[in-house]
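See structure below.
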Amino acid sequence: MSFSGDHVRAFALSLPGTTEQFAWGMPIFRVAGKLFLTLPESETSMAVRCPVLDRDELVRAEPHKFWIAPHEAANAWVRVHLSALDDTDELEAIVRDSWTQAAPRELLPE
């Protein structure tokens, strides 16, 4: 299944407190002012928050799907090829996980 930036955008904006802006030449998404997702590479990939240990494991396990941009190597971010995602559940889980890492407690589900 192949996803577009519009798929990512629709789901990201459905999450509480999410706003879309344009910065660094691409759409960016924030929750309560904190960045949690970008749509670089003409919206063919997304960059999301991901703890470094998890990120490194994802890249090793599925390098066709996940990679680390050189300028993000020291940060807890990973890139995801949208065309490599298996299904809508995987897309939504990745976006939701990144959102959860940035969202304030009052927005998190109980």
Side-chain angles (χ1 to χ4, degrees):
M1 181 165 210
S2 187
F3 293 98
S4 69
D6 289 337
H7 292 104
V8 175
R9 178 178 287 105
F11 183 70
L13 291 173
S14 76
L15 298 170
T18 297
T19 60
E20 180 179 4
Q21 300 169 332
F22 195 82
W24 310 298
M26 71 186 104
I28 66 169
F29 298 83
R30 297 179 185 270
V31 58
K34 289 187 179 180
L35 185 66
F36 75 93
L37 186 144
T38 67
L39 285 170
E41 287 93 35
S42 300
E43 299 188 20
T44 60
S45 70
M46 63 180 167
V48 293
R49 290 176 175 251
C50 185
V52 173
L53 292 175
D54 295 341
R55 173 193 75 179
D56 293 347
E57 185 176 312
L58 286 171
V59 171
R60 275 192 302 277
E62 297 184 271
H64 66 285
K65 189 179 295 186
F66 301 99
W67 85 99
I68 302 165
H71 68 280
E72 295 168 343
N75 299 309
W77 286 82
V78 69
R79 298 278 177 110
V80 185
H81 289 288
L82 297 180
S83 63
L85 293 172
D86 296 330
D87 54 32
T88 302
D89 289 343
E90 183 178 33
L91 169 79
E92 291 179 0
I94 291 169
V95 173
R96 186 180 295 108
D97 186 58
S98 185
W99 176 87
T100 299
Q101 292 176 59
R105 281 189 195 170
E106 60 268 14
L107 292 180
L108 297 175
E110 295 183 23

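Hydrogens, waters and symmetry mates are skipped; everything else that's a heavy atom, side chains included, is used.
- Remark: Leu53 CG is loosely packed, at most 12 non-hydrogen atoms of other residues, nucleotides or ligands lying under 6.0 Å away.
- Put simply, the side chain of Phe66 does not reach to within 4.5 Å of the side chain of His81, judged on heavy atoms.
- Atom-to-atom distance recorded for Leu107:CG and Thr18:OG1 is 8.5 Å, nearest 0.5 angstrom.
- When all heavy atoms of Trp99 and Pro109 are compared, the pair lying nearest together is CZ3-CD, 4.4 Å.
- By the 6.0 Å contact criterion, CD on Glu57 is open, its count of non-hydrogen atoms from other residues, nucleotides or ligands being 12 or less.
- No donor-acceptor pair under 3.5 Å is formed between the side chain of Ser45 and the backbone N or O of Glu41.
- The line from CD1 of Ile68 to CZ of Arg79 is 11.0 Å long, rounded to the nearest 0.5 Å.
- In terms of modelled atom types and a separation under 3.5 Å, the side chain of Ser4 and the main chain of Asp6 share a donor-acceptor contact.
- Partners of Ser83 under the side chain to side chain donor-acceptor pair (under 3.5 Å) rule, at least two apart in sequence or in another chain, do not exist in this structure.
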Full working for side chain to side chain contact (heavy atoms under 4.5 Å, CB included) between Val78 and Ile94 | CA-CA 10 Å; Val78 69; Ile94 291 169; over 6 Å; no
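- Looking at every heavy atom in both residues, Ala47 comes nearest to Trp77 through O-CZ3, 3.4 Å.
- Residues Leu108 and Ala103 approach most closely at CD2-CB, 3.9 Å, considering heavy atoms.
- For the salt bridge (charged side-chain N to carboxylate O under 4.0 Å, His left out) test, no residue two or more places apart in sequence or in another chain qualifies with Glu92.
- Nearest heavy atom pair, residue Gly5 against residue Leu82, reads N-CD1, 3.9 Å.
- Look at Glu72 and Arg55 and you find no salt bridge, because none of the NZ, NE, NH1 or NH2 atoms lies under 4.0 Å from a carboxylate O.
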For residues 30-39, tabulate all N or O donor-acceptor pairs below 3.5 Å that involve a side-chain atom, not counting sequence neighbours.
{"residue": "Arg30", "atom": "NE", "partner": "Gln21", "partner atom": "OE1", "Å": "2.9"}
{"residue": "Arg30", "atom": "NH1", "partner": "Gly33", "partner atom": "O", "Å": "3.1"}

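- A chain of hydrophobic side-chain contacts below 4.5 Å, direct or via other Ile, Leu, Val, Met, Phe, Trp or Tyr residues, connects Leu13 to Val48.
- Between Arg49 and Asp97, no side-chain nitrogen of the basic residue sits less than 4.0 Å from a carboxylate oxygen of the acidic one, so the salt-bridge criterion is not met.
- Annotation: side chain of Lys65 is in contact with side chain of Asp86 (closest heavy-atom distance under 4.5 Å).
- Placement of Val59 and Val80 within a single hydrophobic cluster is found when ILVMFWY residues are connected by side-chain heavy-atom separations under 4.5 Å, directly or transitively.
- The backbone N or O of Val95 lies less than 3.5 Å from no partner atom in the side chain of Ser98, so there is not a single donor-acceptor pair.
- In this structure, CG in Leu91 is found 5.0 Å from CE in Met46, a value given to the nearest 0.5 Å.
- Nearest heavy-atom pair, Leu58 versus Cys50, reported as atom, atom and distance to 0.1 Å: CD1-SG, 3.9 Å.
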